[in-house]
Each structure stands twice: as structure tokens, then as C-alpha cells.
2 protein chains.
Amino acid sequence: MPRKSSAADAPLRLDNQICFAVYSAAHAFNRVYKPLLDRLGLTYPQYLVMLVLWERDDVPVKDIGERLFLDSGTLTPLLKRLEAAHLVRRTRSSEDERQVLIALTAQGHALKEKARSVPQSILAASDCSVPELVAMRDEIVALRDRLNAVIGE
Amino acid sequence: MPRKSSAADAPLRLDNQICFAVYSAAHAFNRVYKPLLDRLGLTYPQYLVMLVLWERDDVPVKDIGERLFLDSGTLTPLLKRLEAAHLVRRTRSSEDERQVLIALTAQGHALKEKARSVPQSILAASDCSVPELVAMRDEIVALRDRLNAVIGE
DNA sequence: GCACATTCAATTGCGAACAATTAAATGTGA
DNA sequence: TCACATTTAATTGTTCGCAATTGAATGTGC
């Protein structure tokens, strides 16, 4: 028997999965961002780190990681690339030698001005009203936070 | 002047970004899936490929790529790992020698039964009603499709 | 039939992402 | 004080994800 598609298979159907919706939307965002961020010389994760630093500077790697849900295994090499691009400086804290503080260079600060056009371009690409996007964002954040709550038991 | 947070900066604020909501939710899903998929011996992208194959077998790499929005650079090594795990077979099509057809092995088919408990666990972790999840999924898919439409000019 | 373009998978190189481990600095309790 | 645990980044190794290129097979237009 050729295994006809059955109702019992619905939970395993790709297009029914919310995780795949989220996964594929994340990649779609990445592809839209790519040409915009190329002009800034940033990758998407690097852009996220810069967003954090543009809000507050001179913070330990740990803080950036907590904000972005990333660990040092991801951030250490990424921050070294930003340092090589002269956008940030990495210095050991003198109060606590375990911490490495990340500070923006003048170039890093200046890049913020060039980045201001990015959110507008993304808004246009999403072809969606701001209130709709805000509502979706809040729902997705709430879902993410519930998922993260499960991970910490 | 110490650059106080200003309303002009709102579009660049991390927590205002829907892309970051999606990006961080995708990673949260990945972390919830990890222990469940470890028991199947699969990574999350490998699980997605298996979902595609459990729906329809004996398809070219191209079809899997279109379904998952992934290219051969990602899929070729991933499929070789699934082959090494004896879950799929890779054979050149005889009608069109350019294509490589991916077929499930008996083990690959059998794994579907072990996978049936996964969606239920994810539903529980998301701590959300099915109608809510379905609504969110459809919104996210619609957004993804609009973003993908922009990429193809 | 033949030059040419197109399609498809594979390959190479780079940048995430994370698990697991390491090493150094700091904190804590007896 | 001193043994011990904790915190913090860095490191190593594996797997994605994609751009760019390659090479073989197929399709096409003349």
C-alpha cells in the first residue's frame, strides 16, 4: 500500500509547523537585510551587536550575550571581526579582570548614522502596516519568552 | 553631551525590531527541539529535510531546496550526513543525470514513527492554544512570503 | 547538427551557532 | 588563610547557511 497522506500525519506536515514558519521567516529577513548591510560592511548578527552597542556602550561580552541570547563561542570571534573592522575596541576591565568590555570606536559611533535608513527599508520590504508589525512582534516575543522559560526547566 | 536616548533612535532600538523577534524565536525553537531531536539522532535542519521526505520520497535535491528555501551548498553535505546515518539513499536519476534523487531507507521511514511525539512536545513547550499558534503561523508565513517576493525583485 | 545558454549538484571559503572544555579571576565558607 | 565553587572569555570541533565557482548534463535556436 502506497501510504496515502493521512490525517494522522498532519502534525508532521512541514507547512503546519510554526517552527518552520519562524525558521524560514528568519532566513527571509536575512536575505532582505543582506544588500542593505553589505553597504555598512556588516553581517546580520554583527548588526544586532551594533544595535546593542548603539544603545549602550562599554559593556561586557556577557551583557551583549544576554541581550541577544548568544554565548561567548559565538560572540568572541564576531567581536574580533568588528575589532578588525575598527568598529569596536576590546579591553579587559580593571575592576574585574575576567570581563572584556566592548566599546565603540569613533567609526563605530559614526556608522549609526548610516544605519538609520535600514529599518525604513525593511518596513517597506515587509509590505505591512506598522501596527500589524508591532502586534506580530509582540506575539512572537511572547512565544519566544515562553519557549525560553521551558529551556531553563 | 552623553547622547541621551532619543525618539529618533526608536527605529534602531533592538527590542523594536520584528526581525530580532523572529531571529531570537527561531533560536529559542532550536534550543527546545535539541533534546527531542537528539533522541532521533537528527539536527533541526535534518529534521526539516526528513519532514519533506516523509511527505514525498524519491525527489531531487532541488525540490527539497525549494521547499525549505535552502540551496545545494547547504543540502549536499547535510544529505551526505543523512546518508552516512543510513536514513536516505542518494542516486543519480537515469532520466536526467544532473539530478540526484533522495529516497528514504527503511530506517528513514521507520524514524517517522519515533518522530510523532515531537510536535506534541513542542506544542506543550509553546504553552499556547492551537488556534493561536495557527493564526500566528499564518501571519508569519504571509510576512515571509512578502519578504521573499521582494528578494526576487 | 552544433554553438550556446541553462540547469543541477558539488565544491570552496567564510561567518555564524552551539556544546564542551579550558584557564584565569573572583567569591565563599570553614 | 586556604580549599573550593563560581564567573567570565576564549578555544575546539561540528553543523548550518550562503555566495561564488565548477563541471557535467540537458535544452535552444539557428
Legend entry - Salt bridge A/R89-A/D57, side-chain N to carboxylate O under 4.0 Å: no

Inset, instruction - Considering only NZ, NE, NH1 and NH2 on the basic side and carboxylate oxygens on the acidic side, decide whether A/D38 and A/K34 come within less than 4.0 Å. - result: yes

Legend entry - Nucleic acid footprint by protein, nucleotides 17-22 of chain C - heavy-atom cut-off 4.0 Å, B for base, S for sugar-phosphate alone: BBS---

Specify the separation, in whole Å, of atom [atom1] of [X] and atom [atom2] of [N].
X	N	atom1	atom2	answer
B/I64	C/dA10	CD1	P	11 Å
A/L79	C/dG15	CG	P	14 Å
A/Y33	D/dG17	OH	C1'	18 Å
A/D38	D/dC18	CG	P	14 Å
A/Q99	C/dG27	CD	P	10 Å
B/L68	D/dC18	CG	C1'	15 Å
A/R92	C/dA25	CZ	P	8 Å
B/I151	D/dA19	CD1	C1'	14 Å

Inset, instruction - Report yes or no: does B/S24 contribute a side-chain atom to a donor-acceptor pair with the main-chain N or O of B/A21 at less than 3.5 Å? - result: yes

Legend entry - Sugar-phosphate only, base, or nothing, as touched by B/P77 at under 4.0 Å among non-hydrogen atoms: nothing

Between [Y] and [X], is there a side-chain heavy-atom distance shorter than 4.5 Å?
X	Y	value
A/H27	B/L147	no
A/L37	A/L40	yes
B/I122	A/Q17	no

Legend entry - side chain to side chain contact (heavy atoms under 4.5 Å, CB included) partner of B/L79, chosen from B/V61, B/L87, B/V100, B/T74: B/V61

Legend entry - Any residue meeting side chain to side chain donor-acceptor pair (under 3.5 Å) with A/N16, in chain and number order, not counting sequence neighbours: none

Inset, instruction - May I ask you to check whether A/Y33 and A/Y47 place their ring centres under 6.0 Å from each other? - result: yes

Legend entry - OP1 or OP2 of D/dT11 under 4.0 Å from side-chain N/O of A/K80: yes

Can you name the atoms? Protein N/O to nucleotides 24-28 of chain D N/O, anything below 3.5 Å, with the distance.
{"from": "D/dT26", "atom 1": "OP1", "to": "B/E97", "atom 2": "N", "distance (Å)": "3.2"}

Legend entry - Whichever of B/Q46 and A/V100 has its nearest DNA chain D nucleotide further upstream toward 5': A/V100

